[in-house]
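Worksheet: the structure to be examined is printed underneath.
Both ligands and their constituent atoms are indexed starting at 1 by order of listing. Because the structure is a prediction, the values reported are computed rather than measured.
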Amino acid sequence: MHLLFDHITEDLVPVPAEKGISVSVLRLDKIHPVISGNKWFKLRYYLQEAGEQHKKRIITFGGAWSNHIVATAAACKINGFVSVGLIRGEEPAVLSPTLLEAKGYGMEFCFLNRGDYSKKRIPAEWLKDEYYLIHEGGYGEKGAKGAADILQYCKTDFTHCCCAVGTGTMMAGLLNAVSPGQKVTGISVMKNNTGLEKNVRSLLHQDQKEWQIIHDYHFGGYAKHQPELIAFMNEFYDQTKIPSDFVYTAKLFFAVSDLIKNNFFPPGSKLLIVHSGGLQGNASLEKGKLIY
Ligand SMILES: *Cc1c(COP(=O)(O)O)cnc(C)c1O
């Protein structure tokens, strides 16, 4: 497993000239076909702390298609930890490609029914040994600290940074890293995630940065999609050769395109869109829907 941080590029995306703005995409999806994007950054400082505390076993939570689960499995393998994934739902007859990949990195699974999963209760069998717990999606201060490192890979100046928002950890990290005057716009991929602003705010070092989360582009909710979104993904790929995933980055690119259409960003704006990876999740889509 090779992680190709030197493959990260900033790709310009064409925008109608009359808008007077520029748009580039920071391609964190190029780090690795499966372990791509922001999850890797978010895990780093948790694993460092686990090492300092001499913990051998990392436990975390996620669904059967979770980018976080597979990234945790890979990061643990590289760093010499045992990983345990507490997975939402009954054990399936056939593991998803995501779980198969994670298993290949040595992750052990424990399947929790939805009730137990929502309580985030760790089953007794895993409590007996010492372990280090990473929250679902890597939410927390150390996750935000890692996400702040993402901008080290951005070479060009920008006025606005746009990102997809799940737990809000990446957005908080980006906010902690941007300079005064640089705005951050987050696109929530969930429906009615009313606690999100508070979750982001609690990870900020100072609340003087300008930011906003837009909640209108969830396409029905987390991991939900509609034909319009799939059609957009194909069109966007056709125009830019940038692949997106239907859970996070497609909603982000769709939203930014729509916001540009509606003159949300003033002339002179230089947008940086963070492609946070996650392409492996497209494997859950029916074959043939995507042209890439
Ligand atoms: C997890 C994930 C996000 C959301 O990150 P948060 O820090 O949870 O908000 C965005 N994009 C992709 C591809 C992800 O896997």
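For the pair Arg88 and Tyr117, the cation-pi test (distance below 6.0 Å, angle within 45°) is passed.
Membership of an apolar cluster is not assigned to Tyr45, as no side-chain contact below 4.5 Å to another ILVMFWY residue is traced.
The closest approach between any non-hydrogen atom of Gly168 and ligand 1 is below 4.0 Å.
The single protein non-hydrogen atom nearest to atom 8 (O) of ligand 1 is Thr167 OG1, 2.6 Å, given as residue, atom name and distance. Protein heavy atom at the shortest distance from atom 11 (N) of ligand 1 is Ser276 OG, 2.7 Å. Among protein heavy atoms, the minimum distance from atom 5 (O) of ligand 1 is reached at Asn38 ND2, 3.1 Å.
Below 4.0 Å from some heavy atom of Gly278 lie the following atoms of ligand 1, by number and element: 13 (C). Close approach to Val165 involves these atoms of ligand 1, each under 4.0 Å from a residue heavy atom: 9 (O). Residue-ligand proximity, Lys42 to ligand 1, at heavy-atom distances under 4.0 Å covers atoms 5 (O), 6 (P), 7 (O), 8 (O).
No more than 12 heavy atoms of other residues, nucleotides or ligands sit less than 6.0 Å from atom NZ of Lys191.
Two residues are said to be in side-chain contact when any heavy atoms from C-beta on lie closer than 4.5 Å; His205 and Leu175 fail this criterion.
Taking OG1 of Thr9 as the start and NE2 of His275 as the end, the distance is 10.0 Å to the nearest 0.5 Å.
A salt bridge links Lys120 with Glu136: the closest approach of a Lys/Arg side-chain nitrogen to an acidic carboxylate oxygen falls below 4.0 angstrom.
Looking at Glu235 and Gln239, their side chains never bring a donor and an acceptor atom within 3.5 Å of each other.
Ligand 1 has no N or O atom lying under 3.5 Å from any N or O atom of Gly277, backbone or side chain.
Considering Met170, Met171, Glu136, Lys39 only, the shortest heavy-atom separation from atom 14 (C) of ligand 1 involves Lys39. Taking only non-hydrogen atoms, the option from Tyr248, Trp40, Phe41 nearest to atom 10 (C) of ligand 1 is Tyr248.
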